Peer 1: 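Handing you a structure now.
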Amino acid sequence: IELLNLPVDEEYFYQNENPEKDKMYLKEKFNIPKDEKIVIFSGKLSDEKNPIIIAEAIKKLRKKNLKLHGVFVGEGKQSEILKSYSGVTVLPFVPISTLGKYFRSSDIGIWTSESISFLDAACCGLPLILSDFVKDIQHVEEFTHTYKHNSLNSLCKKIQILMKNDYRKNLSKMASEHGKKRFYAS
């Protein structure tokens, strides 16, 4: 028995040949400082998904002078709390055509639980950080780091690893190439 993934729509979720040309989209649209790396989460902003742990990690790492900004795309109970954090932008759900632009404009994708969005993000060239709560990761493990579920320190360590430009760019290339081969319907 072979487990099949849902296909990713290659019309919206892809990495440009020159990925750097997309990096300014979110920064310009939402006035995010140009020198900050963007960490993105998409999904329900609920207690079950607990995206606040990502905002807490960003807060902790910004205190250590790491230049990070969190973008949270979704709606839910934690939305208003997330908006109170410095270095965080909270956006409502968007059409998939826009979500692809957001992923291409980001540097790191973080998901706290199961989601199909991280496959879309991988095809856009996003290296991933996933909670170890996500069990089926063998199809993305080459460009993915996992953190101990609900552990702020573990998540912070993984973000710090991906702050290294050359390493992150290498994982980005792997994510995009692997995504094209494995997740596109064509």
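One is the number of the first residue; the rest follow in order along the sequence. All values derive from a computational prediction rather than experimental measurement.
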Peer 1: Name the one of Gln78, Glu56, His149 that satisfies side-chain contact (heavy atoms from CB on, under 4.5 Å) with Asn50?
Peer 2: Gln78
Peer 1: Give a yes-or-no answer on whether the side chains of Ser113 and Glu48 include a donor-acceptor pair shorter than 3.5 Å.
Peer 2: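 No.
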Peer 1: Would you call the rings of Phe41 and Phe72 parallel, tilted or perpendicular, where under 30° means parallel and over 60° means perpendicular?
Peer 2: tilted
Peer 1: How long is the gap from OG on Ser131 to CD on Glu114, to the nearest 0.5 Å?
Peer 2: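 Rounded to the nearest 0.5 Å, the OG-CD separation comes out at 9.0 Å.
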Peer 1: How far does NZ of Lys37 sit from CG of Leu162, to the nearest 0.5 angstrom?
Peer 2: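 That separation rounds to 11.5 Å.
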Peer 1: Using the rule that two of Ile, Leu, Val, Met, Phe, Trp, Tyr join whenever any of their side-chain heavy atoms come within less than 4.5 Å, decide whether Met163 and Phe143 are in one cluster.
Peer 2: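 In one cluster: yes.
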Peer 1: Let me confirm one number: the CH2-NZ distance from Trp111 to Lys49, rounded to the nearest 0.5 Å.
Peer 2: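 Reported value, rounded in 0.5 Å steps: 10.5 Å.
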Peer 1: Please state whether the rings of Phe103 and Phe13 are parallel, tilted or perpendicular, taking 30° and 60° as the class boundaries.
Peer 2: tilted
Peer 1: Let me confirm one number: the CD1-CG distance from Ile159 to Asp107, rounded to the nearest 0.5 Å.
Peer 2: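 If I round to the nearest 0.5 Å, the distance is 12.0 Å.
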Peer 1: Quick one: pull up CD1 in Ile54 and NZ in Lys59 and give me the separation to the nearest 0.5 Å.
Peer 2: 15.5 Å
Peer 1: Would you mind checking if Arg62 and Glu36 are paired as a salt bridge, meaning a charged N to carboxylate O distance below 4.0 Å?
Peer 2: yes
Peer 1: Does NZ or CZ of Arg104 fall inside the cone over Tyr14's six-membered ring, less than 6.0 Å from its centre and within 45° of the axis?
Peer 2: yes
Peer 1: Would you say Val39 ends up clustered with Leu66 if hydrophobic residues are merged whenever their side chains have heavy atoms under 4.5 Å apart, either directly or through other cluster members?
Peer 2: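 In one cluster with Leu66: Val39, yes.
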Peer 1: Run the side chain to side chain donor-acceptor pair (under 3.5 Å) test against Lys27 and tell me which residues pass, sequence neighbours left out.
Peer 2: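 Here no residue qualifies.
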Peer 1: Kindly state each residue pair satisfying salt bridge (charged side-chain N to carboxylate O under 4.0 Å, His left out) with at least one member in residues 144-160, sequence neighbours excluded.
Peer 2: none
Peer 1: Are Asp22 and Lys101 ion-paired here, with the side-chain N under 4.0 Å from a carboxylate O?
Peer 2: no
Peer 1: The test is side chain to side chain contact (heavy atoms under 4.5 Å, CB included); show your working for Glu75 and Lys44 and say whether it passes.
Peer 2: CA-CA 6 Å; Glu75 296 167 3; Lys44 293 179 188 168; over 6 Å; no
Peer 1: Would you check, one step at a time, whether the test side chain to side chain contact (heavy atoms under 4.5 Å, CB included) holds for Leu82 with Leu45?
Peer 2: CA-CA 9 Å; Leu82 287 166; Leu45 305 179; 4.0 Å; yes
Peer 1: So, taking the atom named CD1 in Ile32 and the one named NZ in Lys67, what distance separates them when rounded to the nearest 0.5 Å?
Peer 2: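 Going from the CD1 atom of Ile32 to the NZ atom of Lys67 covers 14.5 Å.
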